[in-house]
Amino acid sequence: MASGYILNRGALTLGIHCQRVCRNISVTQVREKKRWMRAYTYLMEKKLKLEGPPPPKPRSQLPNWDYHAEVQAFSNRLHENFSLELLKTAFINPCYLQAEQERRRGLGVDSEAAALVLKDNIQLSSTGAALTKSFLTDWCRASFPSLPSEGVEGIVGHLTSLTVVAHVARNLGVEDLTMSAECPVPDDVIHHTFMAVIGALEKSSGVERTGYFLRDFLATQLIGKDLFDIWTVVNPMGLLVEELTKRNIALPEPRLIRAAGASTVLPLYFVGLYSDKKLLAQGPGETLVAAEEEAARVALRKIYGYTENRRPSDFSPPQQHQQPLITSVSSN
Amino acid sequence: MDGLQVGLQFLFTGLNPLQQILHCVLQWATFARSWFVIDARMQPPGKIATMCSVRLQGKHKPIYHAMSDCGDHVVVINTKQIAFSGNKWEQKVYSSHSGYPGGFKQVTAAQLHHKDPKAIVKLAVYGMLPRNLHRRTMMQRLHIFADDELPEDIQANLTEELPQPREIPRKLSEYTQEEIDAFPRLWTPPEDYKMK
């Protein structure tokens with residue numbers, strides 16, 4: 001009986017394979033890689049190659065998910081006092097409501113017996129977006145007093161653009177909490193949801209706290225970025241001439257300062273702009289035209305106070321005695 | 001090179017993916033190759049050669065790395081008028097072997113210079129560059145001219161003239177009479193004193 005092999009009772013009835021250790025001892029459970037493992041692994045890889053990676057599942061459908069706890073954690077993580085009903089409303093998108101209605105109709109659920117008592121976030125989103133735009137415009141004007149309105153619009157447009165807001169929202173965990181029809185959540189939906197969250201914050205904690213929130217999460221996206229990457233200016237020289245005429249400074253004259261390898265395929269020119277025989281700015285370029293344009297851009301950056309070595313913006317936490325956020329000339 | 005100082009400001013900030021145009025421009029300025037010109041008139045060829053080798057390797061730049069190919073071009077003019085110190089014109093020997101038996105040749109610096117006025121500077125720089133495969137490329141970036149005349153394309157490429165390593169002493173004929181008179185005398189010889 002103890003001599004295993006396939007003549008075992010268990011082997012015949014239950015189909016258990018036994019492995020012999022020595023003549024009298026056999027084991028059913030062995031520590032090695034199982035015989036079926038390789039075939040299974042290859043089959044799964046083949047399937048992956050044929051069908052591609054599995055579609056992403058929303059976090060709410062993965063295990064260990066408690067919506068209420070997550071919403072509270074969201075509020076605590078940001079050190080903000082959200083009213084939880086407003087916050088939950090802020091995460092509900094109209095596309096989700098429509099998808100949910102259709103699903104219920106498809107399942108044949110009576111729309112009166114199990115009514116969908118959920119409100120949209122459209123109103124919160126519009127208030128949030130308006131507040132964001134106005135706050136960021138004011139903050140920009142206060143930080144860069146010499147920047148013209150087109151520049152301010154360009155910066156605010158960049159900060160409230162789909163890519164930047166979606167990037168911030170995804171990294172704050174808004175994507176997991178959003179209720180939307182598709183997964184992964186598209187950029188415009190997450191933008192909409194983030195604005196709704198801002199609207200909810202405004203209603204819960206007031207305009208000032210929302211201001212600090214926007215400054216800390218959206219305005220910081222400007223760090224390390226150059227002005228003319230955000231705000232496209234087609235004719236920097238024309239703009240410079242306008243700025244100088246406004247300030248009654250002599251018009252700029254371009255002069256070649258340095259040149260290297262002019263007859264090679266990799267030339268470099270440094271052009272300086274002089275107004276009234278004093279150097280305004282100098283810039284490098286591949287050709288003379290490019291160098292002059294770059295010099296004009298450098299001059300504009302100096303005039304608008306958006307150089308790399310400017311005093312950094314003030315992102316310190318709000319003081320206890322509630323100083324107003326947007327004082328003039330906070331950074332220059 | 002000014003491009004380096006302007007361009008380096010971007011190297012130590014954190015680079016963002018959106019910071020494209022400024023980054024491109026500053027990178028172009030930082031890594032551009034400059035063209036230096038050195039006047040070798042009345043200069044010791046060794047000192048000229050050290051200056052050339054430093055700039056050919058790119059060791060004058062803070063972004064130097066041996067594998068970065070960051071060397072610049074150097075143009076040496078007036079090599080016909082280089083000035084060895086001491087008795088090197090007669091005592092310094094340049095040896096070569098043709099590879100065939102009996103082909104060992106030794107020439108003095110004066111003879112070599114007479115035969116080819118560019119050779120002394122060229123051999124000096126060659127000996128000062130690192131002994132690796134980059135040496136030949138660096139020698140191709142060295143342009144030596146025996147006299148003042150440069151071809152137009154090289155003339156157009158030049159960026160900077162380097163200061164000469166040795167201060168050329170003035171000949172007596174180049175001093176004005178006032179300077180000669182103003183020079184302090186140790187003693188005035190009597191009128192019938194015979195100078196040797």
Side-chain angles (χ1 to χ4, degrees), chain A residues 154-155 157-159 161 163-164 167 220-234 236 256-272 279 281-298 300-302 306-310 312, chain B residues 1-38 55-56 58 60-61 63 68-75 137 140-143 150-162:
Chain A
I155 293 184
H158 167 79
L159 289 177
S161 69
T163 31
V164 172
H167 170 79
T220 45
Q221 295 297 313
L222 274 184
I223 292 175
K225 295 222 173 88
D226 175 50
L227 179 63
F228 295 111
D229 283 332
I230 301 172
W231 171 34
T232 34
V233 165
V234 179
L256 182 67
I257 293 181
R258 300 181 93 108
S263 66
T264 54
V265 292
L266 307 167
L268 174 71
Y269 299 97
F270 267 84
V271 167
L279 184 66
Q282 58 165 334
E286 213 174 321
T287 53
L288 283 166
V289 175
E292 196 183 324
E293 195 193 309
E294 184 57 35
R297 281 184 202 269
V298 174
L300 281 172
R301 276 187 210 116
K302 270 192 191 162
Y306 205 102
T307 48
E308 298 247 336
N309 59 353
R310 66 181 184 273
Chain B
M1 174 70 213
D2 221 13
L4 216 57
Q5 289 152 19
V6 169
L8 271 179
Q9 51 177 293
F10 87 96
L11 267 186
F12 304 111
T13 60
L15 290 174
N16 280 308
L18 275 187
Q19 201 178 353
Q20 284 167 359
I21 307 172
L22 181 63
H23 174 220
C24 290
V25 166
L26 291 178
Q27 186 175 31
W28 185 270
T30 313
F31 290 94
R33 215 168 267 148
S34 7
W35 288 65
F36 295 102
V37 66
I38 303 179
R55 279 153 188 86
L56 285 169
H60 62 299
K61 299 182 175 174
I63 51 162
S68 292
D69 191 19
C70 47
D72 289 334
H73 290 255
V74 180
V75 177
T137 327
Q140 284 188 324
R141 294 195 182 134
L142 174 70
H143 313 270
L150 291 177
E152 277 172 23
D153 38 0
I154 295 191
Q155 183 84 44
N157 289 343
L158 298 175
T159 31
E160 200 180 333
E161 177 167 2
L162 301 174

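Just so it is clear, the structure is predicted and the values come from calculations on it, not from any experiment. First the proteins, then the strands, lettered A, B, ... as listed; each starts at 1.
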Return the set of residues passing side chain to side chain contact (heavy atoms under 4.5 Å, CB included) with A:E286 (not counting sequence neighbours), or none when no residue passes. B:W28

Minimal non-hydrogen separation, B:A156 against A:A262, with atom names: O-CB, 3.4 Å

Excluding sequence neighbours, so at least two apart, what forms side chain to side chain donor-acceptor pair (under 3.5 Å) with A:T307? A:N309

Heavy atoms only: give me the nearest A:L268-B:A32 pair and the separation to one decimal. CD2-CB, 3.6 Å

Going from CG on A:D226 to NE2 on B:H23, what distance comes out if it is rounded to the nearest 0.5 angstrom? 12.0 Å

Considering all heavy atoms, the nearest B:A29-A:F270 contact: CB-CZ, 4.3 Å

Mind listing the closest non-hydrogen atom pair of B:Q20 and A:D229 along with its distance? N-OD2, 3.2 Å

pair B:L22-A:R301: side-chain heavy atoms closer than 4.5 Å: yes

In sequence, state the C-alpha distance, the side-chain angles, and the governing distance for B:I21 and A:R297, and then conclude on side chain to side chain contact (heavy atoms under 4.5 Å, CB included). CA-CA 11 Å; B:I21 307 172; A:R297 281 184 202 269; 5.6 Å; no

Distance in Å, A:E294 CD paired with B:L26 CG, rounded so as to fall on 0.5 Å steps: 7.0 Å

When you measure from the side chain of B:T159 to the backbone of A:A260, do you find a donor-acceptor pair of N or O atoms at a distance under 3.5 Å? no

